[in-house]
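Read the structure below first, then the notes.
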2 protein chains.
Amino acid sequence: MAKYEKIADDLRIRIRAGEWLPGGKLPSETPDLTGHYKTSLPTIRQALGVLAAEGVVDKVHGRGNFVRKPRKLVVRTNQRHQWEKDRARLSDTTRRETGATEHDTGLTVSDLVFSADFQKVEANEDLAHVFGVAPGTQLLERIYRTRYQEEDAPFNLSHSYLVYDVVKANPELLDPSTEPWPGGTQNQLFTIGIELDRIDEHLTARPPTAEEAEELGLRAGVSVIVLRKVSIDTGGRVVEVSDVTLPGDRTELVFTTPLNRW
Amino acid sequence: MAKYEKIADDLRIRIRAGEWLPGGKLPSETPDLTGHYKTSLPTIRQALGVLAAEGVVDKVHGRGNFVRKPRKLVVRTNQRHQWEKDRARLSDTTRRETGATEHDTGLTVSDLVFSADFQKVEANEDLAHVFGVAPGTQLLERIYRTRYQEEDAPFNLSHSYLVYDVVKANPELLDPSTEPWPGGTQNQLFTIGIELDRIDEHLTARPPTAEEAEELGLRAGVSVIVLRKVSIDTGGRVVEVSDVTLPGDRTELVFTTPLNRW
DNA sequence: GAGTGGTCTAGACCACTGT
DNA sequence: CAGTGGTCTAGACCACTCC
């Protein structure tokens, strides 16, 4: 086993044993760790790099290396979909009170900052296949970012797609200044006569790309959860596809599957 | 911007542009890349390290650096739960035909290798809280590993917990040699008079720990999906808790949420 | 044995943080 | 300004793969 691996293992064990508390500062790379392990700086840095990639240690330039604290999780349930459907036909004033994200997080509208960008795009192979339309079909792409008032990085980056010719029936849906729309997408669809029958969510996880790390403000040692939400109406037609990128260290997804009784 | 970041960006762009195909070999670190970018070996290696952490490049000792190929996904749906429940009361011979994993993957029993280890453990704070029992209560811990016949690394590592005093009603359930049990856990529970009402699944994603990377055979640049499945019976009691670790590059989870009609 | 990546050294110099 | 981490060099030597 390489020297840097031995050092990484030793530090990991000492961290798990509580020698330094979460948020606590490790000894300095030079001269403390190089002295303690009797090795050169690059070897110490390689060991710390392993721990940073695992999400055990946070490296902070100019300050030191710290034991990472667990993040507070934002929980997102699949019951939000039925909840949103139940509200889709309620009055405007009732719908204004809360949205689905606030429902999940327990936060109020004022804690959250929200931005929306809309544009017309042509369906690529992938989206065309999911919607069951021809590639090149006009889609409305809506990009949403949600973040806490106090934090600078968003915790949710979402690309939503709708078939342009379907949504243009209500011109308000083409205007980003109407966002955040009270009642969410299901109410928007209701205004053009669409009722959802079910929602399929496809999930994978992977390390962030360079762009995602930048945009979501992710440190080393954090994964992203990639969620594709496909909304299907009562006629069996795919009416919305939404690709959501969530930071793995701040997000817990909960899915409840009810079972038929014997 | 640092030199190694510029090199990483340049290589990423060239890879995305298709200069080297998936599975293709990049130029050698020495002398090709050091010569091309006119820099020292450690700098080149740092740039390649970034791409390896993103899962873009596979480093293979003694052979070279390769553009990573996308992995074939194993799909796991939440419809498997109802499917398994429907089969729980069928005859032994029918149940023997296939299990839930084969149902999801489309593979047959002979393609998969399966191992099970059982032991009695005491509930820690966490598990005691989920089961709603006192910490220290006796639990049956069952550890399962599933892998392809041809691959050496499992694609699924699962720790399942049951309350010992509940399952001991059927001594066969305490014996690992009865695994894989035809009909799965829901049939096992049926033999002791338990019917499930719903299943809650909690999901997060993070980089693998050193142990998980070892056990699941994960390369750099792969995340794990951590799934806690909680099974609740018709009396509202938690009867099974299962912690499943899945490799992010080989797993897609699909959850379908049906909605009530207006 | 040739080719290629992995580890490690010793040290210079830059950049960021907080006093 | 002192303390600390980040980048980079030039080169030695080891370990793995494949012919």
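Every value quoted in this text rests on a predicted model; they were computed, and no experiment measured them. FYI, side chains are in, hydrogens and waters are out, and symmetry mates aren't considered; it's all heavy atoms of this structure. Residue numbers start from 1 in every chain, and the chains themselves are labelled A, B, ... in the order their sequence lines are given, proteins ahead of strands.
Using cut-offs of 30° and 60° for the angle between ring planes, the A:Tyr144 and A:Phe114 rings count as tilted.
A donor-acceptor pair is defined here as one N or O able to donate and one able to accept, closer than 3.5 Å; no such pair exists between the side chain of B:Glu54 and the backbone of B:Val56. Under a 3.5 Å cut-off, the side chain of B:Thr251 and the backbone N or O of B:Pro247 do form a donor-acceptor pair.
Rounded to an integer number of Å, the gap from CD of B:Glu29 to C1' of D:dC16 is 13 Å. Between A:Gln46 atom CD and C:dG6 atom P the separation is 10 Å, expressed in whole Å. Atom pair B:Arg45:CZ and C:dC8:C1' shows a separation of 11 Å (rounding to whole Å applied). Rounded to whole Å, the distance from CG on B:Leu33 to C1' on C:dT4 is 12 Å. Whole-Å rounding puts the B:Ile7 CD1 to D:dT7 P distance at 12 Å. Taking atom CD1 of residue B:Ile44 and atom P of nucleotide D:dT7, one finds them 15 Å apart after rounding to whole Å. Atom CG of B:Leu48 and atom P of C:dG6 are 9 Å apart (whole Å). One can place CG of A:Asp32 at 18 Å from P of D:dA2, the figure rounded to the nearest angstrom.
For B:Tyr4, no side-chain nitrogen or oxygen approaches OP1 or OP2 of D:dC8 to under 4.0 Å. The side chain of A:Asn65 places no N or O atom within less than 4.0 Å of a non-bridging phosphate oxygen (OP1 or OP2) of D:dT4.
Inter-residue side-chain proximity for A:Arg145 and A:Ile143 is flagged as met; some heavy-atom pair is nearer than 4.5 Å.
Atom CD of A:Glu214 has 12 or fewer heavy atoms from other residues, nucleotides or ligands within 6.0 Å. Within 6.0 Å of the CD atom in A:Glu19, the count of heavy atoms belonging to other residues, nucleotides or ligands exceeds 12. Heavy atoms of other residues, nucleotides or ligands lying less than 6.0 angstrom from NZ of B:Lys69 number 12 at most.
For A:Lys25, whose side chain is taken as the heavy atoms from C-beta onward, the closest listed nucleotide among D:dC8, C:dG6, D:dT4 is D:dT4.
When each of B:Ser28 and A:Met1 is assigned the nucleotide of DNA chain C with its nearest heavy atom, B:Ser28 is the one assigned upstream, toward the 5' end.
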How does each nucleotide of nucleotides 9-19 of chain C score, in 5' to 3' order, for protein heavy atoms under 4.0 Å: base (B), sugar-phosphate only (S), or none (-)? BB----BBSS-
